[in-house]
Amino acid sequence: MRNFVHPMKMRIRNLVLITVIVLIALFISFCGNEHSSRIASAVQPADPWVGHRDSVHYVGINTCRQCHAGIYETFIKTGMGQSFDSASRHKSVARFEPHTVIYDKDADFYYHPFWKNNAFYIKEFRLNKKDTVYSRTEKVNYIIGSGQHTNSHILNANGYLHQMPMTFYAQKGVWDFPPGFENGSNTRFSRKIGLECMSCHNAYPDFVIGSENKYNRVMNGIDCERCHGPGSAHVASKQRGEKVDTSLYTDYTIVNPGKLTVDRQFDVCMRCHLQGDAVLKPGKSFYDFKPGMVLSDFITVFMPKYKGAEDQFIMASHAARLKMSKCFIRSLPKEGAEKSLRPYKNALTCVTCHNPHVSVRVTGTNVFNNACNSCHNSSKDNGLCTEKEKTRMLSGNNCVSCHMPRSGSTDIPHVTVHDHYIRKPLPKADVKALKQFIGLYAVNDDHPSSATKAQGYVNYYEKFDRKNQALLDSALSNTPSRTQEEIRTGLGTLIQIYFLRKEYKTILGLVEKAGKEWVMGEGLSKQSWNNADAWTAYRIGESYSAMSRINDAEALYHKACVLAPYNLDFQNKYGTLLMELNKREASAKVFDFIIGQDPGFASAYNNRGRLYFYSAEFAKAELYFDRALLLDPDLLQAMKNKVDLYNEEKEYDRAKTLLLKIRLRYPNDRDAKLLLERMKQLKLIS
């Protein structure tokens, strides 16, 4: 028999149950709406930031603008907001005058910038006395740089981005060559803008994997999510009506750098404000780091260390210089501070002085001085510097002018920036004229692996200091190669070291020790954002070619092109080898592909013209040779090919004129000298 429950008691029990359910619902609703992380805060996951999950994606600055319009309006006027845009009169800060010209005495080229209607162009030309004997004009598609220091210029050739040979230096108001284009190193319109560069001067671009510099799309300037991480989860949370009182709690749906520890906050800034020798960890790319993560898990940045050059620094070294300062070291928070709502708060970090949402141009000097005085405020010095009042008044009582003096960076001309190594002014007598290279050090990683150090030394040699062979020695000492397993593990670095040394026989020996089948199979099989396996295949192919093992070279070049099909240098080398092997149809397809991809690739036109020459299609051959020389008037092989064409058509005087031009431009070229002598002996020319 069932237990009988009185109806009144039943009503009371149900009423209590309903009340409990309502209270629980209200409690859950309150937690969700007022602080979605309150319950979770008791047991915080190892990585609470929702934006670090692979399922969360970027939404773009205009989505952020819908709720944060005020911040958007000030941010787009900052150096970050103005870092990159389409070329326009509004974007450019440069001066344009009819007679603005810079001259490269090594290459004998003049350059002139000008506007035609609303399009911006750079003209390259060469003079013979006062006559223009060569001219090439290219349209500027993008301007990179906020204009606070520089405007540099980008050419877009079917998605392939190249830096152009003119930069405007805003502080001095002068046009000059970009850094690295001077002293005989002018790459004209062909310097590749790779992902490392673009990912710091911009929001993340849509980069074509298997290329060095091809993009489906590039954004206009650095955006909110570079410092706050991908925002789709945050947007969805707000659309659901979820609210967090951020004065009391942390909203984990979006990264607020102000809620990060000192080291993690520095990592956000150092991702881009730490220029140097960047080495990616295996399997990582320049896309992978997100604010709140540990930067050294993805990238280790090396900087050179010099004895007697403590006063010298490069442009983007602010964070590294600041960390050298006693002001920073003494400000570091005590253990346990990371548990507070703003763990960085009492430390000296980038945001102590710089509001990333507000342009430094409108930030008053008092903001920076107040940051200094917040610590230097003892009654002994009355809150001011202990320097004599007369000296202080000369600088307007400005702490920065003396303790963070303006100086030229070592890597960019015509630019002065504040040295962020805060210290007492150095007496001029203490500044040494000579400096001695000590080695590389990892700025953001106290314990880099041997493999990372090795790659750092190789990269630094290849990019910055090809005269210092000790760098390659250091790389080799960090890359063991005693066993097959060690060789396979460090194959890419070992090949790169010996390739730079031109020790091709050693490279082929390493391939044999690693196992040629393994190298051609799983050893070099991965596509990646930095084309690591493709580069190794290419360098091995070059080594086979140098040792006259052409068939082996073909296989490695082909592998490099499969892994990196949009690296047009690889394709051009592969097509040239196919032509050498008399595989003309396959070779023609390669060169046609290159020209279709990048119509400014001069060498591909020359090689395609050579194929037409072989098939006796002389008119087409000349057309392609001329196109190559229109892009590069000093392309030696194209000039020699035209000489062959003229001789084949018995136009000996034209051949002579071109040979004399080659002799003038390349006085040490033996082929032109011998051919001229031979033609005279045969009485083909006088």
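Everything numeric in this text was worked out from a predicted model, so none of it was measured. What's counted below: heavy atoms across the whole structure, side chains too, no hydrogens, waters or symmetry copies.
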Once the angle between the rings of [X] and [Y] is folded into 0 to 90°, is it parallel (under 30°), tilted (30 to 60°) or perpendicular (over 60°)?
| X | Y | result |
| --- | --- | --- |
| Tyr624 | Tyr605 | tilted |
| Tyr557 | Tyr538 | tilted |
| His318 | His273 | perpendicular |

Does some side-chain heavy atom of [Y] sit less than 4.5 Å from a side-chain heavy atom of [X]?
| X | Y | result |
| --- | --- | --- |
| Lys284 | Ile299 | no |
| Asp106 | Asn186 | no |
| Arg264 | Val294 | yes |

With no hydrogens and no angle check, just 3.5 Å: does a side-chain donor-acceptor pair link [X] and [Y]?
| X | Y | result |
| --- | --- | --- |
| Gln597 | Gln571 | no |
| Thr261 | Asp263 | no |
| Ser449 | Thr452 | yes |
| Gln455 | Asn459 | yes |
| Asn606 | Asn641 | yes |

Ala87: what forms a side chain to side chain contact (heavy atoms under 4.5 Å, CB included) with it, not counting sequence neighbours?
->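 Here the qualifying residues are Phe120, Val140, Ile143.
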
Residues in side chain to side chain contact (heavy atoms under 4.5 Å, CB included) contact with Val268, at least two apart in sequence or another chain |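 If we apply the side chain to side chain contact (heavy atoms under 4.5 Å, CB included) test to Val268, skipping adjacent residues, the hits are Cys227, Leu260, Pro291.
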
Under the side-chain hydrogen bond (donor to acceptor under 3.5 Å, both in side chains) rule, collect the residues that match up with Trp535, sequence neighbours excluded.
->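 By the side-chain hydrogen bond (donor to acceptor under 3.5 Å, both in side chains) rule, Trp535 matches Glu212.
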
Can you list the residues that meet the side-chain hydrogen bond (donor to acceptor under 3.5 Å, both in side chains) rule with Asp592, with sequence neighbours excluded?
->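 Scan of Asp592 (side-chain hydrogen bond (donor to acceptor under 3.5 Å, both in side chains), adjacent residues dropped) gives Arg608.
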
Do any N or O atoms from the side chain of Asp598 and from the backbone of Ala157 form a donor-acceptor pair under 3.5 angstrom?
->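 Not a single qualifying donor-acceptor pair exists.
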
Between Arg627 (side chain) and Gly609 (backbone), is there a donor-acceptor pair under 3.5 Å?
->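 It does not hold such a pair.
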
Could you walk me through whether Asp626 and Lys642 pass salt bridge (charged side-chain N to carboxylate O under 4.0 Å, His left out), step by step?
-> CA-CA 8 Å; Asp626 286 342; Lys642 282 201 73 173; 2.6 Å; yes

Less than 3.5 Å apart, which donor and acceptor atoms pair up between the side chains of residues 613-623 and the rest of the protein, not counting sequence neighbours?
| residue | atom | partner | partner atom | Å |
| --- | --- | --- | --- | --- |
| Tyr614 | OH | Arg610 | NE | 3.3 |
| Ser615 | OG | Leu611 | O | 3.3 |
| Ser615 | OG | Tyr612 | O | 3.0 |
| Ser615 | OG | Glu617 | OE2 | 3.0 |

For residues 560-581, pull every pair meeting salt bridge (Lys or Arg N to Asp or Glu O under 4.0 Å), keeping only residues two or more places apart or in separate chains.
->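 As it turns out, the salt bridge (Lys or Arg N to Asp or Glu O under 4.0 Å) pairs with a partner in residues 560-581, which skip direct neighbours, are Lys192-Asp569, Glu542-Lys573.
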
Presence of salt bridge, Lys281 and Asp445, under 4.0 angstrom |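 Salt bridge flag = yes for Lys281 with Asp445.
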
